[in-house]
Structures are given as C-alpha cells and as structure tokens.
Amino acid sequence: MGKYRNIIFYVATIIFFSALMYWFFVEGKTLEIGENIPPSKVTGNTMWENFTDSFLSNLHHPLALLLAQIVTIILVAKLFGWICVKLKQPSVIGEMIAGIVLGPSLFGLYFPELSAFIFPTESLGNLQFLSQIGLILFMYIVGMELDLSILRKKAHDAVVISHASIIIPFALGVGLSYFIYKEFAPEGIQFSSFALFIAIAMSITAFPVLARIVQERNLHKTKIGTVVITCAAADDITAWCILAAVIAVVKAGSFSGSIFVIIMAIVYVFIMIKAVRPFLHRIAESQKGKGFISKALVAVFFLILIISSYATEVIGIHALFGAFMAGAIMPENVKFRNLFIEKIEDVALVLLLPLFFVFTGLRTQIGLLNDPHLWKIGGFIILTAVIGKFVGSALTAKFLKLSWKDSLTIGALMNTRGLTELIVLNIGYDLGVLGPELFTMLVIMALFTTFMTGPCLDMINYFFKGKKSSLEDEEHDENDAKYRVLLSFETPESGSTLLKLADNLTHKMNGNKSVTAMNIAPVDELHAFDIDNFEKEQFKNVIETSQELQLEVTTLFKASTDIENDLTNISNKGNYDLLLIMLGKSMYEGSLLGRLLGFTTKIINPEKLLNTVKGKSNIFNNSPFDDSTLQILDNTNIPVGVLVDRDFNSADRVFIPIFNLSDFYLLEYAKRLINNNNSQIIILDVAGQIRNNIEVKELIRSIEQVAPNHITLYNEKQIEKQFLQSQDLMLISKKSWRGLIDSKSLWLSDIPSTLIISNP
C-alpha cells in the first residue's frame with residue numbers, strides 16, 4: 001500500500017480541486033445576471049477556417065514577424081560566414097554578403113512575395129532599432145578591445161603611419177566628392193557635408209576585423225603586428241572623433257553652426273576621462289582577484305554605457321560614439337575587461353549584429369546600378385579608396401624605413417574597412433547625405449576592400465617568401481634523423497598529459513628528438529589586448545611539466561578560424577613523425593540527430609552534412625570518435641596518436657591487443673616505449689596470428705634481445721579484469737578501437753588510459 005500512497009494523493013488532489021473549480025464556474029454564471037455582457041461573436045465559419053484565420057493573423061503579428069526575421073537572418077549569416085571561413089576570409093565578410101543577399105538585390109528580386117512577407121516595410125523600424133542596440137553593444141566591445149596602455153607605449157612608432165593613413169584618403173575623398181557631387185549628392189545637401197562624409201568613408205579602418213586577421217595569421221608577436229595594431233587603434237580613435245565632428249557639421253548645416261555641438265562634445269569627453277574613468281577604475285579595484293563580476297556592477301556599467309550613448313545622441317554626435325567612448329574608458333585590467341566582454345559579446349555579435357548587416361542589405365539596391373557609367377564610377381570609388389588607404393599607408397611606412405614587405409603588409413591591413421565602414425555609411429544614409437545609388441557603391445567598396453585583404457597578404461608573402469618563415473613553414477632542424485613529435489592540446493591540463501606521453505616515447509633519444517607543443521585557439525574567442533596573457537596561461541602547465549621532465553619543448557601558438565584544417569596543415573607540412581591529440585567528445589555523439597545534422601561540440605558542421613548528403617558518411621554508423629578528431633584522422637598524412645585519458649601519468653605497464661595482421665605496426669611503438677621508458681609490454685594475440693607469422697616473431701625476438709624480460713606474449717582471449725586495471729596504458733589501432741566500441745566490451749571501463757594509433 002505504501003508504494004501507491006503518492007499516486008492516490010496525486011489523483012485525489014487533482015479530482016478534488018478540479019471539482020471545486022467546476023463548482024465556482026457553475027455558480028459564477030449566476031453572477032452574470034443583470035450585467036451588460038455582449039453576446040459571443042458568431043462568424044459562421046467552420047472550426048478549421050477560424051483556426052487558419054487566427055494562425056495567419058498570428059503570423060503577421062509584429063513580434064512573430066521579428067522572431068521569424070531573426071531566425072532567417074542568423075541562419076543565412078552563419079551559412080555565408082562559414083563559406084567565407086572556408087575561403088580563408090573573415091566570417092564578417094560572409095555576414096555582410098548575407099545582408100545583401102537577403103535584400104532587394106537578390107532575395108527581393110527573385111522571391112518578391114516571400115521577401116515582402118518576411119521583411120514587410122512596416123516591420124523595418126523594429127529591425128532598425130534592434131540592430132542599433134546591437135551596434136551600441138558592438139562599439140562598446142570595440143572600445144574595450146583597444147589597449148590604451150600599448151597605444152601610449154608605441155604611439156611614437158605608429159602615429160605618423162596612422163595619421164597619414166587618415167589624411168591621405170581623407171584628402172582624396174574630398175577630391176572625389178568634387179567630381180561626383182553634382183551627379184550623386186541628394187537635393188539640399190551642401191558640398192561640405194557631402195565631401196566630409198565621402199572623405200570619412202575613404203579613411204576608415206575596421207579595427208576589430210584587422211585585429212582578428214592579425215591574430216589568425218599569427219602576426220601579433222611580430223614587430224609588424226604590434227605596429228599595425230597600434231596604427232589601427234590610433235586610426236579608430238581619430239576616425240571616430242572626426243566622424244563625431246562631421247556629424248555635428250552635417251546636422252548644423254555649416255562649420256560655424258556646429259561650434260557649440262563640438263564644444264559640448266569636448267566637455268563630454270573631458271567628463272568621461274576625468275570623472276567617469278577614475279570612478280570605474282575604483283570599482284574595478286574593489287573586484288580585483290574575485291574572478292567574477294556581480295550583477296549589481298554589471299548594471300552600473302550598462303548604465304554608464306546607456307547614459308554615455310544617450311548623451312552623445314542628444315549632443316548631436318550619434319549614440320555610437322558614446323558607446324565607443326564608454327568602452328575605451330573601461331578599467332585597463334585585462335581580466336576585468338575580458339570578463340565583461342564575455343558577458344555581452346555573444347549576444348551582441350551572434351544575435352544582434354547580423355540584424356544590422358541585413359538592414360544594410362535591405363537598403364543596398366544593386367539593381368540601381370543599371371548603367372555601365374555607374375559601374376565605372378563605382379570602380380573609380382574603389383580605386384580611390386585603395387590608393388588612399390593601401391598605397392598611402394604603405395608609402396608612409398616605407399618612408400619610415402620599414403622593409404617593403406612590412407610596408408605593403410601594413411597597407412593591406414589598414415585598407416580593411418569591414419563592418420566599421422557600414423556603420424559610417426548607414427549614418428550618412430540616415431542623415432540624408434548619401435543617396436541610394438552612392439550608398440550601394442560605397443557598400444560594394446567596403447566589401448571589396450575587406451575581401452582583398454587576405455589575398456593581398458598571401459601575394460605579399462608569396463613575392464617576399466624567403467625573407468621570413470611563416471608559422472606552418474617554421475625552420476626545421478637539418479638533421480632529418482630526428483624523431484619529431486607534435487602534440488596539440490586544448491586545455492593546459494591536457495597539454496601536460498600529452499607531454500608526459502611524448503617523453504615516454506622519446507626520453508632516451510637525447511639530441512635525436514624534437515617535441516613541439518601546439519595550442520590552436522578560436523580567433524573569435526580572443527581579444528587583441530588579451531592574446532599574450534591567454535597564450536601564457538595555456539602553456540603554463542606545459543612549461544612546468546617540461547622543466548620537471550628536463551625535456552626541451554618548442555611551443556607553438558596560433559589563433560584560427562578553422563582549427564581542424566590548420567592543425568592538419570601544420571602537421572602535414574611540418575615533417576613530423578607523430579601527432580598526439582586528446583580524444584574530444586561531441587555533445588550529440590552517437591545520436592541519430594547528430595549524424596543527420598552533423599553537430600559538433602559547438603555548431604552545426606555544414607561540411608559533415610554535405611558529406612552525408614553526398615554519401616561519403618553514413619548517418620547510421622556510430623563513430624567512436626568525435627567529429628573534430630575524425631576530421632584530423634582523415635586529413636593528416638602522418639601517424640596520429642589519440643589519447644583517451646584516465647589520469648595518465650607514465651606508460652610503465654603497457655597492454656597491446658593484436659586483433660589482426662594490420663595491427664602489427666603497434667609493435668614499433670612498443671619497441672620505442674621499451675627503449676625510452678623501460679616499459680613492460682604485454683601483447684595479447686587475440687586472433688592467434690602472431691605465432692604463425694615469421695616476420696612478427698622475428699621482430700619480437702629482436703626486441704627481447706635488446707631488452708630481455710620486457711615483453712610478454714599471451715594467447716588467451718579472456719583477460720581478467722584485475723590484470724587490465726593494473727596496466728598504465730593500452731596501445732590499440734584505430735580499426736581495433738572501433739571494433740572494441742561496437743562490441744561494447746568491458747575493456748573500456750577497465751583500462752586506465754588508451755592510446756589509439758592511426759597509421760595513414
């Protein structure tokens with residue numbers, strides 16, 4: 001009876017209170033007597049017709065429409081962003097293109113009814129305001145990513161290049177305005193306003209995109225990387241200050257009319273630096289060492305952001321300048337800034353910022369450029385932009401006695417306009433300074449100058465190859481007899497574990513070995529001001545372990561937009577003999593959903609989905625490896641060791657099951673462990689093929705001659721659980737590991753750690 005007690009109570013409670021509510025409803029009908037209650041509406045429609053009418057009405061509800069727009073925008077933006085990453089371009093270019101694709105230039109042109117349904121004109125106001133919130137958060141992040149301490153230290157090296165990269169394209173922009181004003185300036189717009197906006201559009205540099213490219217190409221440690229980051233930071237601050245003044249002039253209608261606005265802006269900047277910044281610094285000091293930010297403090301910082309944006313909007317220099325300023329005066333404590341960025345970056349960049357790209361795309365009407373003359377003007381605008389920024393920066397750097405390679409690299413990077421350019425163009429469009437045709441041309445210019453950065457850097461490296469070695473082609477020892485081990489790790493702890501394994505394999509080789517520890521981090525999760533500290537934290541455990549083992553280790557760090565591809569490229573080009581990695585885990589590992597959609601631990605993997613559709617991968621085949629590990633195993637040309645870690649410390653006792661003749665290459669690794677670590681090896685002849693194979697018997701005999709009593713051969717198929725648990729490491733082939741997983745063997749729970757060796 002006791003086990004039914006809860007069920008009886010549950011049922012009795014439901015029945016009693018349901019009956020009580022029914023009684024209230026029946027008695028409540030009597031309260032309606034004498035009340036003026038209108039009769040219920042009778043439409044005469046069927047239940048299905050009533051449902052469809054209600055459903056269609058809900059589809060057009062402003063909130064439902066906004067949510068549908070957000071879903072569409074994020075999916076398309078991420079798709080085009082992924083395509084651009086595969087083309088070795090920043091994902092922001094793909095998101096910019098996605099905005100144009102969803103606008104009237106493509107989607108609206110070929111699917112006008114569907115476009116009008118998803119993006120009706122009356123809904124664009126909501127989309128604009130939400131995208132403006134995204135921009136405010138983005139500019140706040142941009143301000144925080146500026147490392148003002150580096151700017152102060154390096155300003156004397158970069159200020160000339162930075163200001164030359166503004167004044168030269170600015171002057172060319174004014175000159176360009178002189179020739180196109182009559183044809184493209186909207187009615188009622190003064191030449192000074194028109195020229196100033198064209199000039200600022202020519203001279204802008206996208207600091208966030210540039211910083212990501214510098215990190216991804218591993219230039220941040222070089223002198224050129226430091227110079228270009230400093231140039232871009234100084235450029236960003238100067239350009240936004242100039243833009244604020246330009247907005248004030250345009251809104252006032254003349255230089256004289258904007259004097260009071262500019263004076264108010266100067267007072268605002270003075271208050272932010274002299275009053276608000278010390279206040280925020282004191283708050284940050286009170287949180288030092290805590291490792292988190294309380295919700296109350298988050299509220300304070302958000303209030304500062306909103307008040308700052310509100311102040312600049314009211315003054316007349318745009319809310320975005322206030323957001324940028326609020327970020328720039330944030331406490332310079334790296335960890336504090338990083339904690340705060342992490343709180344808002346994902347929402348700002350993933351959810352809200354793509355809305356701005358699409359809103360820009362809805363304004364971009366490439367169909368307006370329906371005359372060859374207009375395309376010639378567009379080409380002339382692009383040429384002016386490239387000459388002003390690329391050539392101007394490069395020649396200035398060369399004048400300062402930098403090498404041609406470094407000068408051209410600075411020019412290519414400073415020519416990156418990206419998202420920042422789109423922000424400026426939208427401000428000009430909203431103020432009525434730019435007409436639809438010119439706006440479209442300038443958007444195309446922003447796309448072109450951003451897209452050309454990667455290919456230009458590749459061409460510069462190609463023409464000047466041999467001057468400096470790239471990361472992937474780092475100089476190797478001339479002694480090809482060295483046994484070269486590359487270990488790639490994600491966490492500091494896994495790096496330390498893999499280093500111990502590498503030492504077991506090479507300990508007694510002295511000068512005939514080379515061990516490289518590599519960490520590849522997602523570029524989107526790094527910030528320009530924090531990258532050095534991040535690298536130190538990642539390699540801290542590895543360096544400490546190498547000192548304990550007295551093992552010389554080369555460290556290699558790279559920021560990447562495509563970790564698996566970069567890892568395989570470095571492995572294949574680096575002349576390594578063995579790659580060691582940890583086994584990762586996909587959160588949809590083994591599930592049908594994971595196989596169908598190609599899920600990895602982070603996002604949907606379009607490449608795997610494409611392989612599934614093409615028939616290259618079976619959705620019903622449960623792989624014992626996560627998607628990331630599988631991609632590495634499939635694309636590397638060298639042996640790969642995948643460690644399944646269960647508190648691995650040393651490979652003193654090693655168990656090697658041999659399932660078939662193709663597993664015999666494992667004996668070479670057994671020999672290496674014996675020679676370098678004095679490991680005790682237990683070989684299990686599962687298929688009973690070893691004693692019948694002369695070559696294998698000779699190999700085992702040769703090992704025994706060098707190291708007697710270090711290798712034991714078993715024929716029994718059944719191994720006791722206690723024996724397995726006494727081993728330190730199981731060495732197994734990729735094929736046998738798959739078979740072991742499929743057979744659901746108890747071995748997996750009994751072996752402390754397992755090294756899966758895959759031979760190419």
Side-chain angles (χ1 to χ4, degrees), residues 474 476-477 479-520 538-558 567-568 570-584 629 632-633 636-654 656 665-681 727-734 752-760:
E474 62 170 358
H476 303 302
D477 234 62
N479 186 0
D480 292 333
K482 278 190 175 183
Y483 187 74
R484 302 175 57 80
V485 179
L486 173 68
L487 58 96
S488 178
F489 64 94
E490 291 186 13
T491 64
E493 294 75 19
S494 63
S496 178
T497 302
L498 289 172
L499 191 62
K500 292 176 183 176
L501 178 59
D503 182 60
N504 285 173
L505 289 164
T506 62
H507 184 70
K508 294 182 180 179
M509 297 182 71
N510 299 323
N512 292 323
K513 66 182 176 184
S514 170
V515 178
T516 302
M518 176 173 67
N519 178 251
I520 304 180
Q538 289 295 93
F539 283 100
K540 183 179 178 182
N541 284 18
V542 169
I543 299 221
E544 288 177 355
T545 303
S546 69
Q547 290 171 349
E548 291 172 8
L549 299 172
Q550 295 182 343
L551 174 65
E552 185 178 343
V553 177
T554 303
T555 58
L556 200 62
F557 178 78
K558 181 174 173 61
L567 172 55
T568 53
I570 292 171
S571 303
N572 293 335
K573 293 178 180 179
N575 196 29
Y576 295 103
D577 297 292
L578 178 65
L579 168 65
L580 294 177
I581 60 174
M582 283 281 195
L583 179 67
T629 304
I632 294 167
L633 291 173
T636 45
N637 300 329
I638 62 172
V640 180
V642 184
L643 180 64
V644 183
D645 180 37
R646 289 174 181 166
D647 299 324
F648 174 81
N649 191 49
S650 179
D652 294 332
R653 297 177 300 277
V654 181
I656 307 177
Y665 66 85
L666 294 174
L667 297 181
E668 292 293 338
Y669 294 93
K671 183 178 179 181
R672 192 170 291 280
L673 285 168
I674 291 172
N675 292 340
N676 291 284
N677 194 57
N678 293 324
S679 300
Q680 293 291 327
I681 307 293
Q727 304 300 302
D728 296 314
L729 184 70
M730 178 170 77
L731 206 59
I732 192 168
S733 69
K734 174 186 171 184
S753 294
T754 302
L755 181 62
I756 308 156
I757 301 289
S758 172
N759 249 18

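Treat the numbers as computed from the prediction; the structure is a model and nothing was measured.
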side-chain hydrogen bond (donor to acceptor under 3.5 Å, both in side chains) involving [X] - partner list, sequence neighbours excluded:
X	value
T545	S496
K500	N649
N677	N504, D652, S679
S494	T491

May I ask you to decide if [Y]'s main-chain N or O and [X]'s side chain share a donor-acceptor pair within less than 3.5 Å?
X	Y	answer
N572	T568	yes
D728	V654	no
Q538	E490	yes

Within a strict 4.5 Å, meaning less than it, do heavy atoms of the [X] and [Y] side chains meet?
X	Y	answer
L567	M518	yes
V485	L505	no
T754	L643	no
L487	T516	no
P639	L579	no
T629	V642	yes
V644	I756	yes
I681	I674	yes

How close do [X] and [Y] get, counting heavy atoms only, and between which atoms?
X	Y	value
T506	Y483	CG2-CD2, 3.8 Å
F648	S753	CB-OG, 3.4 Å
V542	A517	CG1-CB, 3.9 Å

Handout entry: Ring centers of F539, F489 separated by less than 6.0 Å
Key = yes
Practice task
Run the numbers on V640 and I581 for side-chain contact (heavy atoms from CB on, under 4.5 Å), then give the verdict.
Solution key: CA-CA 8 Å; V640 180; I581 60 174; 4.2 Å; yes
Rounded distance [0.5 Å steps], [atom1] in [X] versus [atom2] in [Y]:
X	Y	atom1	atom2	result
I732	L755	CD1	CG	10.5 Å
I520	F557	CD1	CZ	9.5 Å
L578	L486	CG	CG	9.0 Å
N675	K508	CG	NZ	8.0 Å

Handout entry: Residue K540 excluded, over 12 heavy atoms near NZ under 6.0 Å
Key = no
Practice task
Provide the full list of ring-ring contact (aromatic ring centres under 6.0 Å, His included) pairs with a residue in residues 492-516, sequence neighbours left out, each pair given once.
Solution key: none
Problem - Set of ring-ring contact (aromatic ring centres under 6.0 Å, His included) partners for Y669, sequence neighbours left out - result: none
